[in-house]
Amino acid sequence: MNVTRRSALGLGAVVGATALGVGATTSASASTPATAAQACSKIKSAYDHETTKAAGTWSSFISVTGEAAPAVEARADQVVEAYSVNKIAVATAVLDKVDRGLLALDQRVDVTSAIVSYDGDGIFGYDGAYPSSVTLGHVLANLLTVSDNTAVRLCGLVVPAAELNEILRAKGFVYTQVKPVANPNRFYLGTTTARETHAMLQRLIDGTLLSATSSAYVLKLLRSLTSFTDGIRLNMSSAERVRVATKAGWFADGRNEAGIVFDTAGKAAITYALFASGQFAGDATANKDNYSATHPALRARQVIGRTLLDSVPPVSTTSARTFSVPQYQPSNGG
């Protein structure tokens, strides 16, 4: 059973800002908002402008820490196809069982030729040598960074579809559900709403979704430079990109991304959930099979992403959890 929903890997191929037609700013704007309310206003303005230009139908929820009202709330309760954004939900179910002592990150699962998804998404399909054996931690790392679809199937070996949905419902996510198929260990990535995905990310931050260890683990993966960079994080430096935990998902006409922007101290400042589909601006034929940084929806997210980072207000909430800021250390082998 083919569970893919993507056609191209999109591991952050950096397209020049001039070619994209968007700003190449890589440092905080001089007009960075001083308050959460000002940040909301700036974000709403950028969102409205860019989504109108991109066209399509958007279901979105963006909030700023310290401000009660969301910066953006547009069709936030519309049930949408989540595509790979729901890999956060899949990881949540697996790590819920880890937290309860039913699974362990160092336990191994077998990668057989029959379970490999040869869709070009991820790395397992390129191994060329099966069977192999990997840890569950290796599976989750590939699930949340390079968005490997074989990793979805491997997660299904330890958390079948019915159990996965039950775990999510027990956590209050009634629309964020995978779609079961005949094989109980396989599923399509299913649906969500912008509000529920936003809530899942918020609960990941505040420690009510998973244990502190599992929460930090997920955020570490989503903030890695190996994770998606063609959208929200495109026009950012390396040091800025690791302040953004993000997960993208796409298939057919859907172009989605959700995540969290942290301040320089490691406190969550902005949470976003953006789901777009339908007829986008420009050449419909060219857009149909374009999953990269030049798609109108991704161009919109690139500007929105830069605005989010430049709009981070002081996070003064004393109860806000602090997550260590990742440090990128390149190597030349050895």
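Note that the numbering runs from 1 along the sequence shown for the chain.
- Note that CD of Glu67 and OG of Ser41 are 10.5 Å apart. Values are rounded to the nearest 0.5 Å.
- The minimum heavy-atom distance linking Ala194 with Ser59 is given by the pair CB-O, 3.7 Å.
- Looking only at side-chain heavy atoms (C-beta outward), Val178 and Asn165 come within less than 4.5 Å of each other.
- Ser60 and Tyr47 share a side-chain donor-acceptor pair at under 3.5 Å.
- By the 4.5 Å heavy-atom criterion applied to side chains, Met200 and Leu209 are counted as neighbours.
- Arg223 forms a cation-pi arrangement with Phe262, by the criterion of a distance under 6.0 Å to the ring centre and an angle within 45° of the ring axis.
- Taking all atoms of both residues into account, the shortest heavy-atom contact from Leu274 to Arg301 is CD1-CD, 4.1 Å.
- Annotation: side chain of Pro314 is not in contact with side chain of Asp263 (no heavy-atom distance under 4.5 Å).
- Using a 3.5 Å distance cut-off with no hydrogens or angles, the side chains of Tyr328 and Ser224 do not pair a donor with an acceptor.
- Although no hydrogens or angles enter the test, the distance criterion places no donor-acceptor pair under 3.5 Å between the side chain of Glu50 and the main chain of Ala46.
- With no hydrogens or angles considered, a side-chain donor-acceptor pair links Thr246 and Glu257 at under 3.5 Å.
- Closest heavy-atom contact between Leu204 and Phe323: O-CZ, 4.3 Å.
- Under the side-chain hydrogen bond (donor to acceptor under 3.5 Å, both in side chains) criterion, Ser133 pairs with Arg108, not counting sequence neighbours.
- Applying the under-4.5 Å side-chain rule to Ile, Leu, Val, Met, Phe, Trp and Tyr, the cluster around Val174 extends to Val79, Tyr175.
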Point to revise | Stepwise side-chain contact (heavy atoms from CB on, under 4.5 Å) test for Leu140 and Tyr217 | key: CA-CA 10 Å; Leu140 291 179; Tyr217 178 67; 3.9 Å; yes
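- With Arg233 contributing its side chain and Arg241 its backbone, the two residues share a donor-acceptor pair below 3.5 Å.
- Between the side chain of Thr193 and the backbone N or O of Asp77, no donor-acceptor pair lies under 3.5 Å.
- Contacts classified as ring-ring contact (aromatic ring centres under 6.0 Å, His included) and involving residues 194-215 (residues at least two apart or in different chains) are given here: Phe61-His198.
- Among pairs with a residue in residues 160-174, those fulfilling salt bridge (Lys or Arg N to Asp or Glu O under 4.0 Å) read Asp96-Lys171, Lys97-Glu163, at least two apart in sequence or across chains.
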Review point. Stepwise, does the side-chain contact (heavy atoms from CB on, under 4.5 Å) test hold for Arg243 with Val312?
Key: CA-CA 11 Å; Arg243 287 174 47 202; Val312 169; 4.0 Å; yes
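- Residues Trp250 and Phe228 bring their aromatic ring centres within 6.0 Å.
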**Study point:** Chi angles and distances behind the side-chain contact (heavy atoms from CB on, under 4.5 Å) call for Ile115, Phe124
**Key:** CA-CA 10 Å; Ile115 206 169; Phe124 284 113; over 6 Å; no
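- Val325 and Val244 are not part of a single hydrophobic cluster, where members link through side-chain heavy atoms under 4.5 Å apart.
- A donor-acceptor contact closer than 3.5 angstrom is absent between the side chains of Thr226 and Thr145.
- Residues Tyr118 and Ser113 come closest through the heavy atom pair OH-O, 3.7 Å.
- Test Asn185, Leu164, Leu103, Val139 against Val158 for side chain to side chain contact (heavy atoms under 4.5 Å, CB included) and you get one pass: Leu103.
- In this structure, the side chain of Thr197 does not engage the main chain of Ala273 through any donor-acceptor pair within 3.5 Å.
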Point to revise | Check against side chain to side chain donor-acceptor pair (under 3.5 Å), Asn86 and Lys179 | key: CA-CA 11 Å; Asn86 258 8; Lys179 182 181 179 181; over 6 Å; no
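- Taking OG1 from Thr264 and CD from Glu240, the interatomic distance works out to 11.0 Å, rounded to the nearest 0.5 Å.
- With hydrogens and angles disregarded, no donor-acceptor distance shorter than 3.5 Å links the side chain of Asn149 to the backbone of Gly122.
- Looking only at atom types and distance, the side chain of Thr294 has a donor-acceptor partner in the side chain of Asn290 under 3.5 Å away.
- Shown here are the side-chain hydrogen bond (donor to acceptor under 3.5 Å, both in side chains) partners of Thr322, two or more places apart in sequence or in another chain: there are none.
- The CG atom of Leu102 sits 10.0 Å away from the CD atom of Gln107 when rounded to the nearest 0.5 Å.
- When atom types are taken as modelled, the side chain of Glu196 and the backbone of Thr176 share a donor-acceptor pair closer than 3.5 angstrom.
- Between the side chains of Asp119 and Ser117, at least one donor N or O lies within less than 3.5 Å of an accepting N or O.
- The shortest distance between side-chain heavy atoms of Thr150 and Leu154 falls below 4.5 Å.
- Inter-residue side-chain proximity for Arg75 and Thr57 is flagged as met; some heavy-atom pair is nearer than 4.5 Å.
- Judged purely by atom type and a 3.5 angstrom limit, Tyr188 has no side-chain atom pairing as donor or acceptor with the backbone of Tyr83.
- Judged by distance alone, with hydrogens and angles left aside, the side-chain atoms of Arg255 form no donor-acceptor pair with the main-chain N or O of Ala276 at under 3.5 Å.
- Atom CG of Asn235 is separated from atom CG of Leu309 by 11.0 Å, given to the nearest 0.5 angstrom.
- You'll find the side chain of Ile270 stays beyond 4.5 Å of the side chain of Ser63, heavy atoms only.
- Residues Leu95 and Val98 meet the side-chain proximity criterion, which asks for heavy atoms closer than 4.5 Å.
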Review point. Would Asp148 and Asp121 satisfy side-chain contact (heavy atoms from CB on, under 4.5 Å), going step by step from the backbone distance to the final call?
Key: CA-CA 5 Å; Asp148 196 299; Asp121 285 344; over 6 Å; no
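- One distance of note links CD of Gln177 with CG of Leu168; it measures 6.0 Å at 0.5 Å rounding.
- Ser214 and Asp99 share a donor-acceptor pair across their side chains, judged by distance under 3.5 Å alone.
- Annotation for Ile88 and Lys247: closest pair CD1-CB, 3.6 Å, computed over non-hydrogen atoms.
- Here the closest non-hydrogen pair linking Ile167 and Ala93 is CD1-O, 3.8 Å.
- Taking hydrophobic clusters as Ile, Leu, Val, Met, Phe, Trp and Tyr residues chained together by side-chain heavy-atom distances below 4.5 Å, Phe187 shares a cluster with Leu157.
- Residues passing the side-chain hydrogen bond (donor to acceptor under 3.5 Å, both in side chains) test with Thr271 are Gln202, sequence neighbours excluded.
- A donor-acceptor distance shorter than 3.5 angstrom exists from the side chain of Ser227 to the backbone of Leu221, with no hydrogens or angles considered.
- Grouping the Ile, Leu, Val, Met, Phe, Trp and Tyr side chains by contacts below 4.5 angstrom, directly or via other members, places Val152 with Tyr130.
- Contact annotation: the side chain of Leu189 approaches that of Val90 to within less than 4.5 Å [non-hydrogen atoms, C-beta and beyond].
- Ile62 contributes atom CD1, which lies 5.5 Å from atom CG of Leu308 (distance to the nearest 0.5 angstrom).
- Of the possible polar contacts, one joining the Asn287 side chain to the Ala281 backbone as a donor-acceptor pair under 3.5 Å is found.
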